[in-house]
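Counting starts at 1 for both ligands and their atoms, in listed order. The residues of the chain are indexed from 1 along the displayed sequence.
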Amino acid sequence: MKNIAVFVSGNGTNLAAIIESISKGRLKADLRLVVSDKKDAFALRRAEKASVKSVFLDPKKYISRLTYEKALVALLAEEKIDLVVLAGFMRILSGFFVKKYKNRIVNIHPALLPSFKGAHAIKDAFTYGVKVTGVTVHLVDEKIDHGPVVLQEALVIDDKWSLKDLEERIHRIEHRIYVEAIKLLLGKKYSIKGRKVVFISR
Ligand code: GRF
């Protein structure tokens with residue numbers, strides 16, 4: 001069984017979907033660790049409730065991004081983590097961290113990258129008036145919302161939807177395809193060719 005860690009900063013609905021999939025046997029993974037950079041992240045409560053080891057790592061206690069990331073790496077090494085899952089983690093990870101876990105960090109973004117990068121993707125897509133948006137799961141590289149795409153799912157926007165309607169539908173897709181993507185990354189060998197994640201079936 002492979003070990004995963006989930007990094008969070010907020011509500012943690014994606015974390016909840018991962019926890020549920022593991023407990024129902026739909027995702028074969030050992031969730032060893034949840035790390036938050038925010039003390040009051042509701043995601044931490046969810047982890048505690050599920051009896052998952054959870055750590056609040058306060059960035060203010062570290063003199064630099066590098067020392068903070070070294071502490072993260074130490075936690076991950078302790079738990080022998082195979083895959084780092086970012087689920088609403090609002091800190092940018094530097095080249096140091098990304099190199100340590102090269103192609104073993106995955107992120108979810110609530111738009112069809114490369115459209116609508118950044119922290120307000122759902123609202124940005126809604127306000128722009130696009131007819132189609134969606135969800136992207138991608139590996140993490142040194143640039144923000146940029147690494148190779150693992151999975152994407154499109155969603156046609158109904159003119160009658162409010163922003164809240166769109167948010168709900170996007171999150172529903174997220175919770176389903178994030179688990180699917182993690183399953184793929186843990187279950188199959190893959191390599192990166194150019195910008196493509198190529199899965200080798202076995
Ligand atoms: C999700 O919309 C995800 O795509 C984005 O941050 C949000 C996290 O939500 N990166 P939650 O904390 O998992 O509920």
Side-chain angles (χ1 to χ4, degrees), residues 4-23 26-27 29 31 33-50 52 54-57 59 72 83-94 97-98 101 104-128 130 132-155 157 161-185:
I4 64 170
V6 179
F7 287 10
V8 295
S9 300
N11 189 357
T13 60
N14 281 285
L15 170 67
I18 293 165
I19 289 173
E20 199 196 332
S21 298
I22 291 174
S23 76
R26 288 195 298 259
L27 176 63
L31 173 54
L33 177 68
V34 170
V35 180
S36 173
D37 64 334
K38 297 262 162 50
K39 193 175 183 201
D40 54 1
F42 188 65
L44 282 175
R45 307 286 91 75
R46 295 186 196 263
E48 281 156 22
K49 202 166 161 230
V52 175
S54 59
V55 177
F56 159 53
L57 208 59
L72 283 176
L83 182 72
V84 179
V85 177
L86 308 184
F89 186 63
M90 297 307 284
R91 295 185 71 75
I92 294 159
L93 295 165
S94 77
F97 188 90
V98 170
Y101 280 83
R104 293 191 296 142
I105 311 166
V106 63
N107 184 43
I108 189 156
H109 184 77
L112 291 177
L113 290 173
S115 290
F116 305 111
K117 295 180 177 181
H120 311 287
I122 306 177
K123 190 166 178 226
D124 292 347
F126 183 81
T127 311
Y128 193 92
V130 290
V132 178
T133 184
V135 174
T136 304
V137 178
H138 65 94
L139 296 177
V140 173
D141 65 8
E142 275 90 347
K143 295 186 199 154
I144 297 163
D145 297 335
H146 178 268
V149 174
V150 179
L151 279 182
Q152 273 182 320
E153 188 168 307
L155 172 68
I157 301 176
W161 289 352
S162 64
L163 173 59
K164 198 164 166 284
D165 293 330
L166 178 60
E167 282 168 349
E168 274 171 22
R169 280 162 174 92
I170 288 284
H171 292 313
R172 236 180 278 157
I173 295 174
E174 287 192 314
H175 301 157
R176 178 166 41 77
I177 77 165
Y178 213 5
V179 169
E180 218 178 291
I182 295 166
K183 209 187 278 182
L184 268 175
L185 293 170

Report task. Among all protein heavy atoms, pick out the one at the shortest distance from atom 9 (O) of ligand 1; state its residue, atom name and that distance to 0.1 Å. Result -> N14 ND2, 3.8 Å
Query - Minimum-distance protein heavy atom relative to atom 6 (O) of ligand 1 - result: G88 CA, 3.5 Å
Query raised in the report: Tell me: protein heavy atom nearest atom 12 (O) of ligand 1, and distance?
Result: G12 N, 2.7 Å
Requested in this report: Output yes when a side-chain donor or acceptor of H171 lies under 3.5 Å from a complementary backbone atom of P110, and no otherwise.
Outcome: no
Query - Atom indices of ligand 1, in the order listed, that fall short of 4.0 Å to a heavy atom of P110 - result: 2 (O), 4 (O)
Query raised in the report: Is T133 reaching over with its side chain to a backbone N or O of A125, donor-acceptor style, under 3.5 angstrom?
Result: no
Query raised in the report: For atom 4 (O) of ligand 1, what's the nearest protein heavy atom and its distance?
Result: E174 OE2, 2.1 Å
Query raised in the report: Can you find a pair of side-chain heavy atoms, one from V132 and one from V130, that are under 4.5 Å apart?
Result: no
**Report entry** salt bridge (charged side-chain N to carboxylate O under 4.0 Å, His left out) evaluation trace for E48 with R45
**Finding:** CA-CA 5 Å; E48 281 156 22; R45 307 286 91 75; 3.3 Å; yes
Report summary line: Heavy-atom proximity to atom 14 (O) of ligand 1 ranks first, among L86, T13, N11, for T13
Report task. State, yes or no, whether a side-chain contact exists between H175 and T13 at a heavy-atom distance under 4.5 Å. Result -> yes
Query raised in the report: Does T136 reach the main-chain N or O of A111 with its side chain, forming a donor-acceptor pair under 3.5 Å?
Result: yes
Requested in this report: Provide the number and element of each atom of ligand 1 under 4.0 Å from a heavy atom of H171.
Outcome: 2 (O)
Query raised in the report: Among I170, N107, I108, which residue places a heavy atom closest to atom 10 (N) of ligand 1?
Result: I108
